[in-house]
A.B. asks: 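Got a structure here, written out as structure tokens. Questions coming.
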Amino acid sequence: MSAEEDFRQVGAELADLGVRVSTMMGSPALKDQAGKVFASLGRDGAMVFRLVRDTPEHTAALGLPGASLFDPSGRGRVVKDWVVVPHSSAGTWTDLAEAALSRPR
């Protein structure tokens with residue numbers, strides 16, 4: 001499947017938890033019941049998750065091949081609570097999205 005199809009599948013799997021697929025600044029995003037974004041699909045096909053630093057899920061996500069801290073500007077200014085997980089690890093996306101959804105915002 002393509003990255004966008006895998007992203008939409010994650011949204012569908014979490015729909016019973018009140019998650020909806022939406023957009024944020026033109027990119028596909030997952031929002032909680034309050035309308036807050038907790039995951040998004042990047043243009044490069046990687047998914048970005050708000051996992052909160054120093055949590056087991058954050059550490060595990062950073063341990064995946066090709067994963068990194070989110071740098072939206074591309075200028076070395078990382079957002080430490082957000083982790084970019086490449087499409088090659090799409091099998092972990094649903095679990096990571098559930099973890100991101102459960103974190104307070």
Side-chain angles (χ1 to χ4, degrees):
M1 279 199 284
S2 72
E4 186 155 341
E5 290 170 323
D6 284 331
F7 172 83
R8 293 203 173 278
Q9 180 65 34
V10 172
E13 290 176 17
L14 300 181
D16 289 347
L17 299 174
V19 171
R20 62 187 174 90
V21 175
S22 185
T23 59
M24 178 181 74
M25 297 192 313
S27 295
L30 297 179
K31 293 184 178 180
D32 63 15
Q33 290 178 328
K36 303 240 182 185
V37 173
F38 64 91
S40 181
L41 184 66
R43 295 172 202 258
D44 61 355
M47 198 159 165
V48 184
F49 303 91
R50 184 182 181 280
L51 294 169
V52 183
R53 71 188 100 173
D54 300 325
T55 62
E57 297 86 3
H58 187 271
T59 302
L62 281 174
L64 294 168
S68 63
L69 291 174
F70 184 44
D71 180 6
S73 70
R75 297 181 181 155
R77 294 184 214 142
V78 296
V79 182
K80 295 178 183 176
D81 285 341
W82 290 75
V83 178
V84 180
V85 178
H87 187 234
S88 59
S89 293
T92 65
W93 285 2
T94 298
D95 290 339
L96 292 172
E98 283 185 283
L101 176 63
S102 71
R103 294 287 170 219
R105 279 173 274 300

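Residues take their numbers from the sequence shown, with the count starting at 1. Just so you know, these numbers use all the heavy atoms, side chains as well, and skip hydrogens, waters and symmetry mates.
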A.B. asks: What pairs meet the salt bridge (Lys or Arg N to Asp or Glu O under 4.0 Å) rule with one or both residues in residues 81-91, with sequence neighbours excluded?
C.D. replies: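 Every pair satisfying salt bridge (Lys or Arg N to Asp or Glu O under 4.0 Å) with a residue in residues 81-91: Arg53-Asp81.
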
A.B. asks: So Leu51 and Trp82, do their side chains get closer than 4.5 Å, heavy atoms only?
C.D. replies: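 No, too far: nothing below the 4.5 Å cut-off.
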
A.B. asks: Is atom CG of Asp44 surrounded by more than 12 heavy atoms (other residues, nucleotides or ligands) closer than 6.0 Å?
C.D. replies: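 Yes, the 6.0 Å shell around CG holds more than 12 heavy atoms from other groups.
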
A.B. asks: Please check if the side chain of Ser2 supplies one atom and the backbone of Glu5 the other of a donor-acceptor pair under 3.5 Å.
C.D. replies: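 Flag set: sc Ser2 to bb Glu5 pair under 3.5 Å.
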
A.B. asks: Do the non-hydrogen side-chain atoms of Phe38 and Val19 ever get within less than 4.5 Å of each other?
C.D. replies: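 Yes, their side chains come closer than 4.5 Å.
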
A.B. asks: Using the side-chain contact (heavy atoms from CB on, under 4.5 Å) criterion, which residues pair with Thr94? Sequence neighbours excluded.
C.D. replies: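 Listed in chain order: Val10, Glu13, Leu14, Glu98.
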
A.B. asks: Which atom pairs, one a donor and one an acceptor, fall under 3.5 Å between side chains of residues 63-78 and the rest of the protein, sequence neighbours left out?
C.D. replies:
from: Asp71; atom 1: OD1; to: Ser73; atom 2: OG; distance (Å): 3.2
from: Asp71; atom 1: OD1; to: Gly74; atom 2: N; distance (Å): 3.0
from: Asp71; atom 1: OD1; to: Arg75; atom 2: N; distance (Å): 3.4
from: Asp71; atom 1: OD1; to: Arg77; atom 2: N; distance (Å): 3.4
from: Asp71; atom 1: OD2; to: Arg75; atom 2: N; distance (Å): 3.3
from: Asp71; atom 1: OD2; to: Gly76; atom 2: N; distance (Å): 2.7
from: Ser73; atom 1: OG; to: Arg75; atom 2: N; distance (Å): 3.2

A.B. asks: Quick one: side-chain contact (heavy atoms from CB on, under 4.5 Å) partners of Gln33, sequence neighbours excluded?
C.D. replies: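 Gln33: no side-chain contact (heavy atoms from CB on, under 4.5 Å) contacts found.
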
A.B. asks: Considering residues at least two apart in sequence or located in another chain, which fulfil the side chain to side chain donor-acceptor pair (under 3.5 Å) criterion with Glu4?
C.D. replies: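 For Glu4 there are no side chain to side chain donor-acceptor pair (under 3.5 Å) partners, ignoring immediate neighbours.
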
A.B. asks: Please name the pair of heavy atoms, one in Gly45 and one in Ala3, separated by the smallest distance, quoted to 0.1 Å.
C.D. replies: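 So the minimum-distance heavy-atom pair works out to O-CB, 3.4 Å.
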
A.B. asks: Atom CG in Asp95, atom CZ in Phe49: separation rounded to 0.5 Å?
C.D. replies: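 Rounded to the nearest 0.5 Å, the CG-CZ separation comes to 9.5 Å.
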
A.B. asks: Could you work out, with side-chain contact (heavy atoms from CB on, under 4.5 Å) as the rule, every residue matching Met25, not counting sequence neighbours?
C.D. replies: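 None.
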
A.B. asks: Nearest 0.5 angstrom please: Leu17 CG to Ser102 OG, how far?
C.D. replies: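 Answer for the CG-OG pair, Leu17 versus Ser102, is 10.0 Å.
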
A.B. asks: Taking only residues two or more places apart in sequence or in another chain, which ones pass side-chain contact (heavy atoms from CB on, under 4.5 Å) with Thr55?
C.D. replies: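 By the side-chain contact (heavy atoms from CB on, under 4.5 Å) rule, Thr55 matches Val52, Glu57, His58, Arg103.
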
A.B. asks: A side-chain contact here means heavy atoms from C-beta on lying under 4.5 Å apart; do Val37 and Leu30 qualify?
C.D. replies: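 When only atoms from C-beta onward are counted, Leu30 and Val37 do not touch, as no gap falls below 4.5 Å.
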
A.B. asks: Kindly determine whether Trp93 and Leu41 satisfy side-chain contact (heavy atoms from CB on, under 4.5 Å), including the steps that lead there.
C.D. replies: CA-CA 11 Å; Trp93 285 2; Leu41 184 66; 4.1 Å; yes

A.B. asks: How many angstroms lie between CZ in Arg50 and OG in Ser40, if you round to the nearest 0.5 Å?
C.D. replies: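 Those atoms lie 14.0 Å apart.
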
